[in-house]
Peer 1: 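Got a structure here, written out as structure tokens. Questions coming.
Keep in mind it's a predicted model, so treat the numbers as computed, not measured. All residue numbers refer to positions in the sequence shown, counting from 1.
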Amino acid sequence: MKHPLPARPQHICVLRLSALGDVCNLVPTVRALQRQWPEARLTWIIGKGEHSLLAGLSGVEFVVYDKATGLAGMRALWRELADTRFDLLLHMQQALRASVLSLGLKADVRVGYDKARAKDAQHWFTQRHLAPHPRAHVLESYLDFARLLGVEDLSLAWDLPVPGTAFEEARQIIGESPYLLISPCANPRLRNFRNWSAEGYAAVIEHAWRQHGLKTVLTGGGSTQERQLGERIQALCPGGVVIDVIGETSLKGLLALIRKSRAVIAPDSGPVHMANALGAPVVGLYATTNPDRAGPYLWRDFVVDRYADAARAFLHKEPAELSWGQRVRHPDAMSLIRAEDVIDRLEAVLASPETPKDTEFPDEA
């Protein structure tokens, strides 16, 4: 027997801890829930870094879990919510850590993915499951939770909060000059292989400067790998063209820089989805990841897509033969992307009527 879903939930819990791109893709579902039930409380259990990105999201009560705290942090969170019972727990993270965390939460109904999408046996931890949705984009998979609940208006809205202090941070970096923003690295974890070459980025940067007078701001985390790539890119470019702030911005500051850029270029990583959420034009670089599943949702037409070529070259299979979401984990996959491919997409995105032409920073979002 299926557990009945509440017709008018009073308190909804969203459980999604990570990552930066994923939480950006989830926000339209939160907005859809808020439109359907404007009087309902909405609590989002979220990771520490992800919270710093979304802090201030209107109508959302955040409960922060730092995964570095492990089980002790889970126990602390359970104590914090000991007197709270949710009408609905929307378990939106297919990871064992999140499923274990869910065990200490009180909820009338726990909703999770269908068996085909439920990684780490997530379906064992939930009572109601989504309808199957093969080959869905990540953003659409989140909207499937709203569909199951009967939400009527699924139009996309983000309204990410970017405070005036973040725009001031951005102004201190770039002033009022027009610029291109490049976040050259994806998460530097084992066998990620999503990063493009320093030489390729340098060619695009020089083109943007010579053809459009655009300086380039390099952003990213503070890992050694990211800093070294930024240094190699800068060394290959004309003097004064690159402003390297890798590892030096806050996440809100990064949002401000993205919002006011003429365009963003990045591999499959958080910044492509931040740009998508802010309406900033973005050129995604995809070879190891399928952009039909994880590309910047509103800017997929501008993606440099070499996923099919990589599947054939390194897995010896057609994309249709691969499981949905399978990555091409080969260190040479991103080398299939050529500088002229990226320049072509950059030209297309700069010509788009949606691309901002002004460079003045507002006092607040």
Peer 1: Establish, for the pair R171 and F167, whether the NZ or CZ atom is under 6.0 angstrom from the six-membered ring centre and no further than 45 degrees off its axis.
Peer 2: no
Peer 1: Looking at R306 and D341, is there a salt bridge between them, counting it only when a charged N and a carboxylate O are closer than 4.0 Å?
Peer 2: yes
Peer 1: Please confirm whether the ring centroid of Y113 lies under 6.0 Å from the ring centroid of F145.
Peer 2: yes
Peer 1: Exactly one of L42, L33, T29 should register a side chain to side chain contact (heavy atoms under 4.5 Å, CB included) with L90. Which one does?
Peer 2: L33
Peer 1: State whether E206 and R210 are salt-bridged, where the test is any N-O pair (Lys NZ or Arg NE/NH1/NH2 against Asp/Glu carboxylate O) under 4.0 Å.
Peer 2: yes
Peer 1: Are Y297 and H137 close enough that their ring centers fall under 6.0 Å?
Peer 2: yes
Peer 1: Answer whether the closest heavy-atom distance between the side chains of V283 and L285 falls below 4.5 Å.
Peer 2: yes
Peer 1: Please verify the inter-ring angle class for W44 with F62; under 30° counts as parallel, over 60° as perpendicular, anything in between as tilted.
Peer 2: tilted
Peer 1: Under the side-chain hydrogen bond (donor to acceptor under 3.5 Å, both in side chains) test against H91, which residue among R128, Q122, R16 passes?
Peer 2: Q122
Peer 1: Report yes or no: does W37 contribute a side-chain atom to a donor-acceptor pair with the main-chain N or O of Q10 at less than 3.5 Å?
Peer 2: no
Peer 1: Quick test of your reading: applying salt bridge (charged side-chain N to carboxylate O under 4.0 Å, His left out), list the pairs with at least one residue in residues 131-155, sequence neighbours left out, ordered by first then second residue.
Peer 2: R35-D153, R117-D144, E140-R147, D144-R147
Peer 1: Tell me which pairs pass salt bridge (charged side-chain N to carboxylate O under 4.0 Å, His left out) where either residue lies in residues 69-88, with sequence neighbours left out.
Peer 2: R85-D108
Peer 1: T84 versus L105: any side-chain heavy-atom pair under 4.5 Å?
Peer 2: no
Peer 1: Would you confirm whether S269, through its side chain, and P267, through its main-chain N or O, come within 3.5 Å as a donor-acceptor pair?
Peer 2: yes
Peer 1: Do H129 side-chain atoms and H123 backbone N/O form a donor-acceptor pair below 3.5 Å?
Peer 2: yes
